[in-house]
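First listed ligand is number 1; within each ligand, the first listed atom is number 1. When reading the values below, keep in mind they use all heavy atoms of this one structure, side chains included, and skip hydrogens, waters and symmetry mates.
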Amino acid sequence: MSDVKPLIQLENITKRFKSLTAVNGVNLAVHPGEKLVIIGPSGSGKSTLLRSINFLEEIDEGTIRFEGNEVGYIRRHGKLHLDKQPVICALRAEIGMVFQHFHLFPHMTVLGNVMEGPLTVQKKSAAESRETALAMLAKVGLTDKKDVYPATLSGGQKQRVAIARAIAMRPKLMLFDEPTSALDPELVGEVFDTIHALADEGMTMIIVTHHMGFARELADRVIFMEKGNFLAEGTPREFFAEGMNNERIQSFLNRIL
Ligand code: ADP
Ligand code: MG
């Protein structure tokens with residue numbers, strides 16, 4: 001893969017909240033089509049890292065490259081500042097994110113939720129936005145729910161709508177932050193199947209999850225994060241069969257498996 005340009009590349013990313021360093025000088029390159037799973041204890045900085053990639057957090061140090069170009073920040077008096085509209089908007093459209101707690105618009109129908117990005121962010125026509133939204137709803141198997149409001153849906157269905165909404169923007173990279181953690185166990189499978197189908201289409205993704213079965217099945221590469229640092233990285237086999245011969249990873253896996 002080394003001759004292919006990374007889709008996204010993080011160099012020495014640091015994010016602090018006052019005296020707390022949530023992400024501590026992280027380096028990461030994700031190549032087109034790659035499926036990366038990040039695991040690690042609560043509070044280790046996984047969400048902050050994903051949010052930094054999507055410019056929802058303003059980093060303190062480091063460089064973010066998208067398709068080889070440095071993006072998102074301007075440096076002023078030695079400090080980084082998030083480059084404001086419209087650059088950030090354009091970048092965010094390239095990077096979709098799905099959260100643990102769906103964040104659907106409650107006052108809009110399912111179709112309205114999925115149309116919103118193409119319509120208001122990408123300024124597409126209503127007809128084109130609707131067509132895109134219907135195609136995405138078909139992809140996640142929720143065509144028959146297009147006219148209902150989110151409150152009437154199960155958690156699994158809500159998350160599938162959230163996925164449809166994200167991919168309606170045709171992102172090049174998808175970030176999933178514990179997409180099944182808020183779901184009843186019997187609803188986890190349908191969301192995983194939806195993510196799996198996207199993966200099979202070649203979508204590049206970074207997934208934070210505690211579901212090791214899913215990680216094992218989907219990941220090309222697994223990273224273990226602890227206290228803002230990448231402690232280890234390897235193939236699923238190296239992680240789950242051997243625990244990377246690392247005591248802390250083994251004890252983490254023993255606790256959650
Ligand atoms: P994880 O997703 O791995 O559980 P987070 O990225 O949510 O970890 O959090 C990493 C650390 O940063 C934690 O100590 C958390 O309390 C802290 N943190 C996260 N967001 C904020 C915030 N907005 N303000 C202050 N501290 C935060
Ligand atoms: Mg988190």
Side-chain angles (χ1 to χ4, degrees), residues 8 10-28 30 35-64 72-73 79-82 84 88 92 95-104 155-156 158-159 162-163 166 173-185 187-188 191-192 195 205-216 218-219 221-234 236 239-240 243-244 246-257:
I8 189 137
L10 310 181
E11 289 165 12
N12 203 23
I13 299 295
T14 293
K15 172 64 188 175
R16 299 183 197 96
F17 296 106
K18 302 216 171 83
S19 62
L20 179 106
T21 304
V23 176
N24 188 11
V26 158
N27 292 290
L28 174 68
V30 183
K35 290 88 180 81
L36 174 72
V37 167
I38 301 178
I39 62 174
S42 176
S44 55
K46 306 180 297 297
S47 294
T48 304
L49 181 66
L50 288 196
R51 292 169 56 80
S52 300
I53 293 175
N54 206 19
F55 308 102
L56 294 171
E57 298 287 357
E58 194 165 5
I59 58 171
D60 295 294
E61 283 164 42
T63 306
I64 300 177
Y73 289 87
K79 273 195 73 180
L80 289 181
H81 297 271
L82 201 53
K84 293 282 157 27
I88 284 298
R92 283 202 184 116
I95 305 172
M97 183 148 176
V98 169
F99 303 87
Q100 182 175 353
H101 297 287
F102 334 123
H103 298 298
L104 297 176
K158 282 181 193 164
Q159 196 59 301
I163 294 169
L173 171 68
M174 278 293 297
L175 310 175
F176 294 92
D177 193 359
E178 300 197 32
T180 59
S181 294
L183 301 177
D184 292 334
L187 302 178
V188 167
V191 171
F192 278 164
I195 297 173
M205 26 177 99
I206 306 177
I207 307 158
V208 172
T209 183
H210 289 299
H211 284 269
M212 294 305 130
F214 187 56
R216 196 178 323 198
L218 193 88
R221 185 155 59 112
V222 181
I223 286 177
F224 183 83
M225 195 166 177
E226 192 183 65
K227 296 187 180 138
N229 296 298
F230 290 170
L231 201 66
E233 110 172 46
F239 260 88
F240 301 114
M244 300 292 287
N246 181 311
E247 227 171 86
R248 291 229 283 294
I249 296 175
Q250 276 165 4
S251 108
F252 172 77
L253 292 175
N254 288 340
R255 262 182 287 128
I256 60 169
L257 286 176

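Under 4.0 angstrom from ligand 1, the non-hydrogen atoms of L20 all belong to its side chain.
The heavy-atom pair separating F176 from I163 by the smallest distance is CE2-CG1, 4.0 Å. Here the shortest heavy-atom pairing between A232 and I249 reads CB-CD1, 3.5 Å. When every heavy atom of P236 is checked against every heavy atom of A215, the shortest pair comes out as CG-O, 4.3 Å.
Distance screen at 4.0 Å: atom 3 (O) of ligand 1 has a protein heavy-atom neighbour inside the cut-off.
Closest to atom 7 (O) of ligand 1 among all protein heavy atoms lies S47 CB, 3.7 Å. For atom 8 (O) of ligand 1, the closest non-hydrogen atom on the protein side is G45 N, 3.2 Å. The protein heavy-atom contact nearest to atom 23 (N) of ligand 1 is F17 CE2, 3.6 Å. Here the heavy atom of the protein found nearest to atom 10 (C) of ligand 1 is G43 O, 3.5 Å.
In summary, the atoms of ligand 1 found under 4.0 Å from a heavy atom of P41, numbered by their order in the structure, are 3 (O). Atoms of ligand 1 lying under 4.0 Å from any heavy atom of S44, numbered from 1 in the order shown and given with element: 1 (P), 3 (O), 8 (O).
We find the CD-CZ distance between E57 and R51 to be 4.5 Å, quoted to the nearest 0.5 Å.
For the pair K227 (side chain) and T21 (backbone), a donor-acceptor distance under 3.5 Å is absent. Between the side chain of Q100 and the main chain of E178, no donor-acceptor pair closer than 3.5 Å is present.
For S47, the nearest N, O or S atom to the Mg ion (ligand 2) falls under 2.8 Å.
Under the 4.0 angstrom criterion for non-hydrogen atoms, G228 is not in contact with ligand 1.
Residue R248 places its CZ atom among 12 or fewer non-hydrogen atoms of other residues, nucleotides or ligands, all under 6.0 Å distant.
Classification of the F252-F224 ring pair by plane angle, with boundaries at 30° and 60°, yields perpendicular.
In the candidate list T48, V23, I38, T48 is nearest to atom 5 (P) of ligand 1, counting heavy atoms.
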